[in-house]
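Proteins get letters first, then strands, A, B, ... in listed order; numbering begins at 1 in each. Keep in mind it's a predicted model, so treat the numbers as computed, not measured.
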Protein chains: 2
Amino acid sequence: MLTYTKFIQTNPFPILVSMTHYQIFRNIQKHISLTEAEKQHIISQCDVLDIQKKQRILEQGKLCKKLYFVESGSLRAFNLSAEGKESTIMFAVKDWWITDMNSFVNQKPALLSIEALEPCQIISLDFHVLEQHYQFIPKLERFFRIIFQNAYIREQLRALQSISLTTEERYRQFVENYPAIVEKVTQKQIASYLGVTPEFLSSVKKK
Amino acid sequence: MLTYTKFIQTNPFPILVSMTHYQIFRNIQKHISLTEAEKQHIISQCDVLDIQKKQRILEQGKLCKKLYFVESGSLRAFNLSAEGKESTIMFAVKDWWITDMNSFVNQKPALLSIEALEPCQIISLDFHVLEQHYQFIPKLERFFRIIFQNAYIREQLRALQSISLTTEERYRQFVENYPAIVEKVTQKQIASYLGVTPEFLSSVKKK
DNA sequence: CCTAAAAATTAAGATAGTTTAAGACCGCGC
DNA sequence: GCGCGGTCTTAAACTATCTTAATTTTTAGG
């Protein structure tokens, strides 16, 4: 096994910077532990991107080749229907993963566009690079097993709420569960996440 | 590595039955490969259950300790609201996994009851046993990573459809995506999956 | 084969949500 | 400091969906 010390001795890079300042590693290490060498290896294969407000990192209809982690800022993933109606699928704030997972995993055209709500720093992982990481750092399988497990649980709860609760109840739940998001997004975007018109959400809130 | 032949020679069990007749291993081996010894190990820690129509394997409000795989038959997972309204979260037919994942993973009270729609043979995996399997057969992390990844993709698509499509469109999608399920369940249950009343679904179908 | 119970259909009146349109209120670039 | 575009609110008319209840059809069990 490649230890930290051994890595330093054999390090092809002149300087080994500790990776602890990256939020992404704090995120990963909530579930598995990584050596400094592994972190160095991972980050060396990532792109760290600064993007502006309204900039899009994925365009509906294209192939999605990247998985994104949000170091700072916030983004929105949404679908635009043939009739021009936007439906927000998810918001991502600091410390969240985001992509069009179906497009990323199955290399199908994206149903979603992803757009920055404010200036963001994000880390992008390429599809093929991630597949290699799974081979060389198998504990990443465990990490993403847990990530997807939680994502599945969240989405299933959302599906339940969306078929069983009234709009008012769903709005309350949203505000309660995601207070950090409520502060960053417009009411129109919340409406498009709940699946109602902004006018109707406005009238629901009045009560 | 423990091969099949070597396993027979050292097998503590008097008879080694090939496990290929279990659907669950065909399911697992869609994504990873298992040795006969590993299959034997896994199955020895499972319960294979035969349950009758209408029998419940999970009751809303209780702790869910098991993950289920459907060898044959079909089941339904649903939530019963305080007002007495049933919402169907998922159907599971042959070759599907089913449980209240939030309850199973986080050991919280179940939001769902799970009930057989017909006589079923199911395989049940205990929570703690699965955690041990992850340790001793790490490739199971990969298997469930893929399973949860697909489950997440499906649920996210469902969430999108439920906020963006009309009832008629969602009904069409359901029939198209799950023809095997449509044949086994009542229209009332489909309505409760789509989040509409049976009366309304009936009137939608008339057109 | 018969019957009771559940499911499906139909229809009328009530509620939830949309559409359209108008006016008030920003925040931002010139 | 002005004007422009996007957002939020309000309201009226319209459509989708629910509720209730009655009627028919299907199903399961003895």
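- Counting non-hydrogen atoms of neighbouring residues, nucleotides and ligands closer than 6.0 angstrom, the CD atom of Glu131(A) exceeds 12 such neighbours.
- Judged by distance alone, the side chain of Glu155(B) and the main-chain N or O of Tyr152(A) form no donor-acceptor pair under 3.5 Å.
- By the 30° and 60° cut-offs, the orientation of the rings of Phe144(A) relative to Tyr134(A) is perpendicular.
- For Thr186(B), taking side-chain heavy atoms from C-beta onward, the closest of the listed nucleotides dT9(C), dT7(D), dA8(C) is dA8(C).
- Atom CG in Leu201(A) sits roughly 11 Å away from atom P in dG17(C) (whole-Å rounding).
- Aromatic ring centroids of Tyr193(A) and Phe174(A) lie under 6.0 Å apart.
- At the phosphate of dT9(D), OP1 or OP2 sits under 4.0 Å from a side-chain N or O atom of Gln187(A).
- Relative ring orientation between Phe143(A) and His31(A) is described as tilted, the plane-to-plane angle lying within the 30° to 60° band.
- When distances are taken from the side chain of Glu199(B) to each of dT10(C), dA8(C), dG17(C), the shortest belongs to dT10(C).
- Put simply, CD on Glu169(B) is 12 Å from P on dA16(D), counting in whole angstrom units.
- Atom pair Ile163(A):CD1 and dA16(D):C1' shows a separation of 18 Å (rounding to whole Å applied).
- Counting to the nearest Å, the C1' atom of dA28(D) and the CG atom of Leu117(B) are 16 Å from each other.
- Regarding Arg170(A), its CZ atom lies at a distance of 13 Å from the P atom of dA16(C), rounded to whole Å.
- Taking atom CG on Leu194(A) and atom P on dA16(C), their separation rounds to 16 Å, with Å as the unit.
- Among the heavy atoms of the strands lying under 4.0 Å from Thr197(B) is at least one base atom, whether or not backbone atoms are also near.
- Considering only the side chain of Phe200(A), dA16(C) comes nearest among dA16(C), dT17(D), dA8(C).
- Closest-nucleotide positions on DNA chain D for Lys85(B) and Lys205(A) were compared, and the one nearer the 5' end corresponds to Lys205(A).
- Look at CD on Glu118(A): it is 13 Å from P on dC28(C), rounded to the nearest Å.
- Using a 4.0 Å cut-off, some side-chain N or O of Thr167(B) falls inside it from OP1 or OP2 of dT17(D).
- Atom CD of Glu168(A) is separated from atom P of dG17(C) by 10 Å (rounded to the nearest Å).
- Lys53(B) comes within 4.0 angstrom of the backbone, heavy atoms only, and of no base.
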